[in-house]
Number of protein chains: 2
Amino acid sequence: MSDPIPLNLARLRRTCAECSLQMLCLPAGVDAEDLGRLDTVVQRRKPLAKGESLYRTGDPLRAVFVASEGSFKTVVVNPAGEEHVLGFHLPGELFGLDAIGSGQHRCEAVALSDSRVCELPFSQLATIAAKLPSLQQQLLRVIGQSADRDHDHVDVLSRRQASERIALFLHGLSERYRRIGRPCDDFQLPMSRDEIARYLGLVLETVSRGFSRLHEDGVIEVRGRRVRIVDETALCLAANGGSDGASPQPRKRDRA
Amino acid sequence: MSDPIPLNLARLRRTCAECSLQMLCLPAGVDAEDLGRLDTVVQRRKPLAKGESLYRTGDPLRAVFVASEGSFKTVVVNPAGEEHVLGFHLPGELFGLDAIGSGQHRCEAVALSDSRVCELPFSQLATIAAKLPSLQQQLLRVIGQSADRDHDHVDVLSRRQASERIALFLHGLSERYRRIGRPCDDFQLPMSRDEIARYLGLVLETVSRGFSRLHEDGVIEVRGRRVRIVDETALCLAANGGSDGASPQPRKRDRA
DNA sequence: CGTTACGTTGAGGTATCTCAAGACGGGTGG
DNA sequence: CCACCCGTCTTGAGATACCTCAACGTAACG
């Protein structure tokens, strides 16, 4: 453990190449020894089957997570029994931070497909961060990025047109695929129409119709969960109020 | 600066009694000397007039803020020129954390009334936190609580019935007034109907009608911005799908 | 090859938005 | 003190986008 462990560094670089833990592991200023210490803390590649929960509402804060394979959703079930989707978590994206406020998870994390996750015990993370200022900064940044995704969600939900929400959702997803180093204009949705609907505050039929409409308008190609973005510009336009397909003048600026 | 300063401790305890910076200043394990160091960092009581901005979208992360008097809203203006309200910040609540992900503010903070704010330069906060593990933990917790408020916002926006959103909004506001030590069943709204609407993803008329309806049903009393919560239980019920007025028989979905 | 989950499409009802007019309340100045 | 103005809030009536209900198509799987 006191040896500088170049082997571990190499392995981490390889296996976590596109992982957001990279932000925690590999910033400048974290040397091999520090990294080795962190490495002993990360528990790697825990497998989960589709539909299994990683944590449930009320569970104490134990760790933060990153899927190395597969995606997750986080959901809350309200008193009326309806399920709301709070977020989707692609491979390489950190999640599970919802518990750092109260110490308890406010939602449930469910695997959308057979998955593998790395987990990083939070107490040890905090301890190490206290000793490594650079790691502390990285930790703050990663937390901030997680909050940014929540803001994106709010942004989507604030749109009052279903077509805007759907376009913005697809655009955001594309952006995130790009960021984790995957094709961003041709991908497989890890979630169902119903789950998208519960994320967007709509019903599944509306989502389906929205997809069909974007297809008709030549913005995307859809077949089931396969999505190809044909016209990214048009997608952005649709996300910002160019709601109706053939709106001749999508220019409306209200001012006071 | 190197003196232990019991006087400052006393002053901080008094002046920041209900302030969320308290969480950063006064946890067990932070002694007077530490506190003195923190005290030198907090800039206090900067005044702002109603409508003035504390920071704007794109501004670099400089500090985090707490209003000691007055309230704030954080807003984004989308390309179409519409203003979305991301959050309201009551006196004593920490805000401005939206920039820790990217280093730049993603929204604009506007005073809802004449206000005074304490600000805490972020770089120095991070430096001090690195030296004080207990402060680091408090910082994480405060950040987490801020994220919790964002989750509450998502929760509200996910409701598809306007009446639910409005009831949940009022209930959440009441809860927050309670937490900052103010009357939670009788208060003055710091924001307009229009601002509430832009927070809830509705139009102002719908908010107004929702208030009137809750008034008619004897759940609240409203006169302009003055709100009194008459029946908290009914408010909770309305927030969770007991949407329609006096439906004592909670069948599947009953419409009067 | 049947079963099952998921996705698409259609028709009709309804909540919310839009547009519009009026009421209230807090200021200002005569 | 009152008249007046302005921003804010309320209320009404009609248009519309979305939800509900329902049937059918499609794909994955044993």
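Hydrogens, waters and symmetry mates are skipped; everything else that's a heavy atom, side chains included, is used. Below, read A as the first sequence line, B as the second, and so on, with proteins coming before strands; counting in each chain starts at 1.
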**Message:** Categorize B/G201 for me: base, sugar-phosphate, or nothing, with a 4.0 angstrom heavy-atom threshold over every strand shown.
**Reply:** sugar-phosphate
Whole angstrom is fine here: how far is it from [atom1] in [X] over to [atom2] in [N]?
X	N	atom1	atom2	result
A/L214	C/dT9	CG	P	13 Å
B/E164	C/dT16	CD	C1'	14 Å
A/I196	C/dC6	CD1	P	13 Å
A/R226	C/dG7	CZ	P	15 Å
A/R198	C/dG7	CZ	P	12 Å
A/H215	C/dT9	NE2	C1'	15 Å
B/E82	C/dT18	CD	C1'	14 Å
A/L202	C/dT8	CG	P	14 Å

Hey, what are the protein-to-nucleotides 3-5 of chain C N/O distances that come in under 3.5 Å?
none

**End axis versus end axis in the helix from C/dC1-D/dG30 to C/dG30-D/dC1, the angle rounded to 10°, five pairs used at each terminus** = 30°
Side-chain atoms of residues 167-178 of chain A: list all donor-acceptor pairs with protein atoms under 3.5 Å, sequence neighbours left out, distances to 0.1 Å.
unit_1: A/H171; atom_1: NE2; unit_2: A/E232; atom_2: OE2; d: 3.3
unit_1: A/S174; atom_1: OG; unit_2: A/C184; atom_2: O; d: 2.6
unit_1: A/E175; atom_1: OE2; unit_2: A/R178; atom_2: NH2; d: 2.6
unit_1: A/R176; atom_1: NE; unit_2: A/E93; atom_2: OE2; d: 3.0
unit_1: A/R176; atom_1: NH2; unit_2: A/F88; atom_2: O; d: 2.4
unit_1: A/R176; atom_1: NH2; unit_2: A/E93; atom_2: OE1; d: 2.7
unit_1: A/Y177; atom_1: OH; unit_2: A/Q188; atom_2: O; d: 3.4

Run the side chain to side chain contact (heavy atoms under 4.5 Å, CB included) test against [X] and tell me which residues pass, sequence neighbours left out.
X	answer
B/S115	B/F72, B/A111, B/S113
B/S53	B/R56, B/E108, B/V110
B/H151	A/D98, A/R106, A/D150

**Asked** When every nucleotide of nucleotides 7-12 of chain D is labelled 5' to 3' by its protein contacts under 4.0 Å (heavy atoms), B for base, S for sugar-phosphate only, - for none, what sequence of letters results?
**Response** --SBBB
**Message:** Does anything in residues 203-238 of chain B form a ring-ring contact (aromatic ring centres under 6.0 Å, His included)? List the pairs, not counting sequence neighbours.
**Reply:** none
**Asked** Angle class for the A/H105/A/F65 ring planes (parallel below 30°, perpendicular above 60°, tilted otherwise)?
**Response** tilted
**Message:** Donor-acceptor check, side chain of A/R165 to backbone of A/L200, threshold 3.5 angstrom: yes or no?
**Reply:** yes
**Results of side-chain hydrogen bond (donor to acceptor under 3.5 Å, both in side chains) for B/S212 - residues two or more places apart only** = none
**Request:** Report the residues that fulfil salt bridge (Lys or Arg N to Asp or Glu O under 4.0 Å) with A/E82, sequence neighbours left out, ordered by chain and then residue number.
**Result:** none
**Asked** Does B/R225 have any salt bridge (Lys or Arg N to Asp or Glu O under 4.0 Å) partners at least two apart in sequence or in another chain, and if so, which?
**Response** none
**Prompt:** Which residues satisfy the ring pair (Phe, Tyr, Trp, His ring centres under 6.0 Å) test with A/H84, sequence neighbours excluded?
**Reply:** none
